[in-house]
J.: 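Handing you a structure now.
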Amino acid sequence: MGYAVVLGEALVDLIDSECDGERVYRQAIGGGPLNVAVGVARLGGAAQFVGSLGDDVLAGRIRAFLAAADVGLAGAVTAPASTSLAVVTLAGPEPDFRFYGEPPSYSLLGPDDLDLALMEGADVLYCGSVVLLRPSTLVAARRAWSLATGLRVFDPNVRPRLLDGPAALAGLREVVAEFAAGAHVVKLSGADAQLLYPGEPAEGVAAYLRELGAATVVVTLGATGAVLAAADADPVLVPAPKVHAIDATGAGDSVMAALIADLLLDGEPTDPHGWIARVAFALRVAGLVCESPGGATAMPTRADVDRRFGP
């Protein structure tokens, strides 16, 4: 088994919560790609986090958290910036994120900061999330994508609050098409799909991304499950397990983490049935994440998943 490089942001989430009848903000280390890296490691895969971290106490906590989770930091760089914050409100089916900190500490990774040997040696490369909206980090992601010799996985992980009008959305749509065209796996949420392709059903979005060149597409639909488009088979709905959800933060990231971990352990499935089993397991992982507060801290091990749902 090799390792996965996860390129993207790490920050601190301030999650709107209730404590003793009062509204409080609970601090949690987060960022979609960080959640993915931690999830991969918890599920038995080897992960290297690549991104820019600030130079303050919060960044030190992020580094310590990743190290404790057995996530490698060889590709992480320190930037002269305060750690970015994301205020997370759980008022609807999808968490709402508002970002604070300028310049964002996660946006200071440039193409020349990449460890080329680390990129080229990865069995899986993940790119995606809010770093795609920043010119420097987008160039870095493009260079990493071009250097990849293993499997390439992509998750746009759209944050609408960071999109400044229709032009920004159109630009992101072009970037998604660019990365999807060379991806072995694309994962996006139903909310991502609706924002990027308004009015299109999940099955249509999955089929469109496959037409662009993506080998396999997974569109998560919360408690309903996920639409899977793989090989030459028609898109199918993989149902999610019934859970007692209390916090959806990191659920989509855990699906991505489970898919990457299985790619590291067993490679690509050779037929649609193999992909259905992979996605079904990833949805069990996400269901367990939803039963615990937090994002990265809720990422389970395989033993945790087996205890909750059976082997």
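We number each residue from 1, following the sequence as shown.
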J.: What heavy-atom pair brings A226 and V218 nearest, and what distance separates the two atoms?
T.: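 Answer, listing the atom of A226 first, then V218: CB-CG1, 4.0 Å.
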J.: Each residue besides F49 in its hydrophobic cluster should be listed here, by chain and number; the cluster joins Ile, Leu, Val, Met, Phe, Trp and Tyr at side-chain heavy-atom distances under 4.5 Å.
T.: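 Besides F49, the cluster holds V12, L14, Y25, I29, L34, V38, L53, L58, I62, F65, L66, V71, L73, L85, V87, Y100, V289, M299.
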J.: May I ask you to test the P241-L283 pair for a side-chain heavy-atom distance under 4.5 Å?
T.: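 Side-chain contact under 4.5 Å: yes.
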J.: Side-chain contact test, heavy atoms from C-beta onward, threshold under 4.5 Å: evaluate it for L163 versus L195 and give yes or no.
T.: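 They are in contact (side-chain heavy atoms under 4.5 Å apart), so the answer is yes.
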J.: Does R143 come within less than 4.0 Å of E120, counting only side-chain N to carboxylate O?
T.: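 Looking at R143 and E120, the cut-off is not met.
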J.: Are side-chain heavy atoms of D112 and L114 found at a separation under 4.5 Å?
T.: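 D112 vs L114: side chains apart.
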J.: Can you check whether L125 reaches W145 side chain to side chain, under 4.5 Å on heavy atoms?
T.: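 Answer yes - side chains close enough.
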J.: Can you say whether the rings of Y208 and Y197 are parallel (under 30°), tilted (30 to 60°) or perpendicular (over 60°)?
T.: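 The arrangement is perpendicular - the two ring planes meet at more than 60°.
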J.: Has the side chain of E291 got a donor or acceptor atom that lies under 3.5 Å from a matching backbone atom of H244?
T.: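 At least one qualifying donor-acceptor pair exists.
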J.: If the threshold is 4.0 Å, N to carboxylate O, is there a salt bridge linking K187 and D192?
T.: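 Answer for the salt bridge query: no.
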J.: With a 4.5 Å cut-off on side-chain heavy atoms, are R302 and L265 touching?
T.: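 Result yes, sub-4.5 Å side-chain heavy-atom pair found.
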J.: Write down the atom of A79, the atom of L108, and the distance for their closest heavy-atom approach.
T.: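 Scanning both residues, the minimum pair turns out to be CB-CD1, 3.4 Å.
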J.: Among D253, N157, T297, D13, which residue meets the side chain to side chain donor-acceptor pair (under 3.5 Å) test with N35?
T.: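 Looking at D253, N157, T297, D13, the match for N35 under the side chain to side chain donor-acceptor pair (under 3.5 Å) is D253.
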J.: Out of curiosity, L212 CG to F179 CZ, how far, rounded to the nearest 0.5 Å?
T.: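 Result: 14.0 Å between the selected atoms.
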J.: Taking the side chain as every heavy atom from C-beta outward, state whether F99 and R159 have any pair of such atoms under 4.5 Å apart.
T.: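 Yes, their side chains come closer than 4.5 Å.
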J.: Show the nearest heavy-atom pair for residues P111 and V139, with the distance to one decimal.
T.: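 Looks like CG-CG1, 3.6 Å.
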J.: Would T78 and D55 satisfy side-chain hydrogen bond (donor to acceptor under 3.5 Å, both in side chains), going step by step from the backbone distance to the final call?
T.: CA-CA 6 Å; T78 299; D55 59 358; over 6 Å; no
J.: If you compare all heavy atoms of A286 against all heavy atoms of V255, which two are closest, and at what distance to 0.1 Å?
T.: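 So the two residues come closest at CB-CG2, 3.7 Å.
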J.: Which value, rounded to the nearest 0.5 Å, describes the distance between L288 atom CG and D306 atom CG?
T.: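 So the CG of L288 and the CG of D306 are separated by 10.5 Å.
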J.: Do V88 and D16 make a side-chain contact, defined as non-hydrogen atoms from C-beta onward lying under 4.5 Å apart?
T.: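 Not touching, per the 4.5 Å side-chain cut-off.
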J.: Verify, without hydrogens or angle tests, whether H184 (side chain) and R152 (backbone) share a donor-acceptor contact under 3.5 angstrom.
T.: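 Answer holds: yes.
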J.: Using a 3.5 Å distance criterion without hydrogens, assess whether the side chain of S136 forms a donor-acceptor pair with backbone atoms of L109.
T.: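 Between the backbone of L109 and the side chain of S136 there is a qualifying donor-acceptor contact (under 3.5 Å).
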J.: Is there a donor-acceptor pair closer than 3.5 Å between any side-chain N or O of E9 and the backbone N or O of P104?
T.: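 No, the answer is negative, given that no donor and acceptor are paired below the 3.5 Å cut-off.
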J.: Roughly how far, to the nearest 0.5 Å, is OG1 of T89 from CD1 of I15?
T.: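 It is 10.5 Å, given to the nearest 0.5 Å.
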J.: Output, in order, the C-alpha distance, side-chain angles, deciding distance and verdict of side-chain hydrogen bond (donor to acceptor under 3.5 Å, both in side chains) for R210 and T216.
T.: CA-CA 7 Å; R210 288 208 68 244; T216 300; 5.8 Å; no
J.: I'd like to check I276 versus L228 (side-chain heavy atoms, cut-off strictly below 4.5 Å). Are they in contact?
T.: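 A side-chain contact under 4.5 Å exists here.
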